[in-house]
Number of protein chains: 2
Amino acid sequence: MAYRRTPQIQARLDAQRAGIVQAASDLVAESGYAAASVSRVAARAGIAPGTVYNHFAGKAELLAEVFRVVVGNEVDAVRQATQRAGSAVERVVAVVETFAGRAMKRPRLAYALLAEPVDPKVDELRLRFRRAFTEVVADAIADGVRSGELPPQNAGVVASALVGAFGEVLVGPLATGQADPDTVPTAITFATRGIGATDATHA
Amino acid sequence: MAYRRTPQIQARLDAQRAGIVQAASDLVAESGYAAASVSRVAARAGIAPGTVYNHFAGKAELLAEVFRVVVGNEVDAVRQATQRAGSAVERVVAVVETFAGRAMKRPRLAYALLAEPVDPKVDELRLRFRRAFTEVVADAIADGVRSGELPPQNAGVVASALVGAFGEVLVGPLATGQADPDTVPTAITFATRGIGATDATHA
DNA sequence: GTCTATAGTTCGATAGAC
DNA sequence: GTCTATCGAACTATAGAC
């Protein structure tokens, strides 16, 4: 063996891999999955196209990794937002505001992650991460029911309804880039009413 | 010209094409898109695999056509259900019950159409047909607001929220085949409350 | 990482329609 | 007699197993 993978080499490879994912994320954030060709990703990462395949079995694997990393951060952000909030209603509102607020800051990226037709592997991840979001919301609903703040209801079903609603509400504005200014307030009112909160008005 | 496409031939070709779509639909309804290989579709339609390519440019085109035909029927069914109903609330309830009821009768098919990871071309159609469902619901909401039955709200945004909610609520049960018996009632209560109907109780 | 199996697609030959 | 639709085996690529 003339070559051993020393810690230094390993660190460089890890950094290279992270650079590839970052370059691909940036391209997706700018122009969607369609713009994230292997050659463009490689060019932005400062490497040769073939080097991408040292880290990923193919383009689909790379895009799946981008999805995992970016959406994983979104799930964390939403989870943390619910932990800062108090009542169940506040927690659900925090989910919408956090989710929508972050999406609107990088609309092209959000559209790509939420809806852009890409690859069955990414579809698979969409399903999985939707379940992760749903669990966060379901916890809030279940707590609210336990405390008596919300009427009795099937927390899992209602949580999936809310997650589906939030996602679908954002797809339109994100696709066109034209966000009706009362999209988020409407979603909040809808969600608040839907879970049976006693006061559904918003100044 | 020694050969012209006569009406008889054309009719036979049309029937053959329809037979291919039907065979593919049946396979998807039984075991999902994964079971709809070109050779199996051809076998069920009683033709050779190559003949499929006289009608469709490729497998993706065939699956897209299956989606168009089947989901087109679903949109029609939901639209007709809303036309039979009276008030806005009844129309929204009719959407859930029709949509969910038909889905539960052919759960494997419904899952395939709603969520099964397949091909970007089908993803594209999912987005398009979701907009069609949303328009039906938005009409009901807008009418309800106009008549004073519902509080003022952005009908388009609320309709997309409802469509997203209904779809997401069904994905779980359809994927597992285990439908929690109060899934649909929960969805109805959620939807009724969400649109601000005054009476959200259900016996 | 290699190998095998399977699935999508192509294409020359054949049969049948005009 | 010419043209077209169909067949089905061969090719190619991809994916899963070891």
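The structure presented is a predicted model; accordingly, all values stated were derived computationally and were not measured. Just so it is clear: chains get the letters A, B, ... in the order the sequence lines come, proteins before strands, and each one is counted from 1.
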Does A/S147 reach the main-chain N or O of A/G144 with its side chain, forming a donor-acceptor pair under 3.5 Å?
yes
Residues two or more places apart in sequence or in another chain: which of them pass side chain to side chain contact (heavy atoms under 4.5 Å, CB included) with A/E116?
A/Y33, A/A34, A/R108, A/Y111, A/A112, A/V118, A/R126
Within the 4.0 Å limit for protein heavy atoms, which parts of nucleotides 12-18 of chain D are touched? Write it as a string from 5' to 3', B for base, S for sugar-phosphate only, - for none.
-------
For A/R17, I'd like to know if atom CZ has over 12 heavy atoms of other residues, nucleotides or ligands within 6.0 Å.
yes
Answer yes or no: is there a donor N or O on one side and an acceptor on the other, between the side chain of B/Q153 and the main chain of B/P151, under 3.5 Å?
yes
What's the shortest heavy-atom distance between B/V52 and B/I20, and which atoms?
CA-CD1, 4.3 Å
Under the ring pair (Phe, Tyr, Trp, His ring centres under 6.0 Å) definition, can you give me all pairs with a residue in residues 152-193 of chain A, not counting sequence neighbours?
A/F190-B/F190
Does the pair B/K121/B/E124 count as a salt bridge with the N-to-O cut at 4.0 Å?
no
I need a per-nucleotide contact map over nucleotides 8-15 of chain C, read 5' to 3'. Cutoff is protein heavy atoms under 4.0 Å; write B for the base, S for backbone only, - otherwise.
SBB-----
Judged by atom type as modelled, is there a donor-acceptor pair below 3.5 Å linking the side chain of B/E90 to the main-chain atoms of B/G86?
yes
In short, ring pair (Phe, Tyr, Trp, His ring centres under 6.0 Å) pairs touching residues 121-161 of chain A with sequence neighbours left out are A/F67-A/F129, A/F99-A/F133
Whether A/E149 side chain and A/V89 backbone form a donor-acceptor pair below 3.5 Å:
yes
Rounded distance (Å) that lies between atom P of D/dA5 and atom CG of B/N54:
7 Å
Roughly how many Å is it from CZ in B/F56 to P in D/dA5, rounded to a whole number?
15 Å
To the nearest angstrom, the CZ-C1' distance between B/R40 and C/dT6 comes to 12 Å
Residues in contact with DNA chain C, drawn from residues 5-18 of chain B - heavy-atom cutoff 4.0 Å
B/T6, B/I9
